Amino acid sequence: MTYSFARGPRATRSANAYASIDLETKVMSASPERLITLLYDGALAAMAKAKLYMQNNNPAGRGTAISKAIEIVDCGLKASINTEAGGEVAQSLIATYELITRNLLLANLNADIERLEAAEKALSEIADAWRSAVDVKKPAAVAS
């Protein structure tokens with residue numbers, strides 16, 4: 001029996017299905033801290049795609065990618081902040097997310113790569129801080 005590799009649209013659908021299953025598995029097995037990391041990863045990936053679309057003069061692709069990044073920042077990251085427990089730090093983080101969203105909107109509206117890069121840099125710095133503070137791998141259990 002032999003197998004042939006799918007090509008064209010069928011291959012793309014297959015790859016997307018496997019990626020979707022992989023992401024679903026990560027989400028279902030993730031801790032709350034890891035879920036936030038996945039949101040950062042998704043938003044940053046969308047921004048990277050938007051940058052490529054912008055460089056290739058593809059406004060539709062740029063708009064779709066930026067919209068995805070905005071949705072993740074607003075509906076995922078910003079919405080997950082506990083303002084009661086977080087106090088002033090939480091309020092500062094919300095303001096930063098709003099600035100990131102504003103930069104993304106202006107980047108899309110004006111095809112402004114500098115605004116896109118500013119949003120990407122700000123979110124990347126927050127994501128790096130999050131990873132180093134919260135999303136650390138637990139050491140393997142030592143056998144006694």
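Note that these values count all heavy atoms, side chains included, but never hydrogens, waters or copies made by symmetry. Please read these numbers as outputs of a predicted model, since none were measured by experiment.
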Using every non-hydrogen atom in the two residues, find where Arg62 and Ala111 come nearest and quote the distance to one decimal. NH1-CB, 3.4 Å
Contact check, side chains of Ile126 and Leu93, non-hydrogen atoms, under 4.5 Å: yes
Which pair of non-hydrogen atoms, one from Ala69 and one from Ala43, has the smallest distance, and what is that distance? CB-O, 3.9 Å
For the residue pair Lys49 and Thr64, establish whether any side-chain heavy-atom pair is separated by less than 4.5 Å. no
Could you grab the distance from atom CG of Leu104 to atom NZ of Lys68, nearest 0.5 Å is fine? 14.0 Å
With a cut-off of 6.0 Å (strictly less than), are more than 12 heavy atoms of other residues, nucleotides or ligands near CD of Gln55? yes
Using side-chain heavy atoms (C-beta onward) and a distance below 4.5 Å, is Thr96 in contact with Glu125? no
Given Asn103, which partner from the list Lys121, Arg115, Glu120, Glu98 fulfils the side-chain hydrogen bond (donor to acceptor under 3.5 Å, both in side chains) test? Arg115
Is Leu106 reachable from Met47 through a run of I, L, V, M, F, W or Y residues, each pair having side-chain heavy atoms under 4.5 Å apart? no
To the nearest 0.5 Å, how far apart are OH in Tyr40 and CD1 in Ile72? 12.0 Å
Under 4.5 Å between any side-chain heavy atoms of Leu116 and Asp112, yes or no? no
Is the CD atom of Gln91 crowded by more than 12 outside heavy atoms at less than 6.0 Å? yes
Would you say Ile81 ends up clustered with Val134 if hydrophobic residues are merged whenever their side chains have heavy atoms under 4.5 Å apart, either directly or through other cluster members? yes
Separation between OG of Ser80 and CG of Leu39, rounded to the nearest 0.5 Å: 7.0 Å
To the nearest 0.5 Å, what is the distance between CD1 on Ile66 and CG on Leu105? 8.5 Å
With a 4.5 Å cut-off on side-chain heavy atoms, are Leu123 and Leu77 touching? yes
Gap separating the CG atom of Leu38 from the CD atom of Glu33, nearest 0.5 angstrom: 12.0 Å
Same hydrophobic cluster for Met54 and Ile100, using side-chain heavy-atom links shorter than 4.5 Å among ILVMFWY? yes
When rounded to the nearest 0.5 angstrom, what distance separates CD1 in Ile36 from CZ in Arg131? 12.0 Å
For Glu84 and Asn82, which heavy atoms make the closest approach, and how far apart are they? N-OD1, 3.1 Å
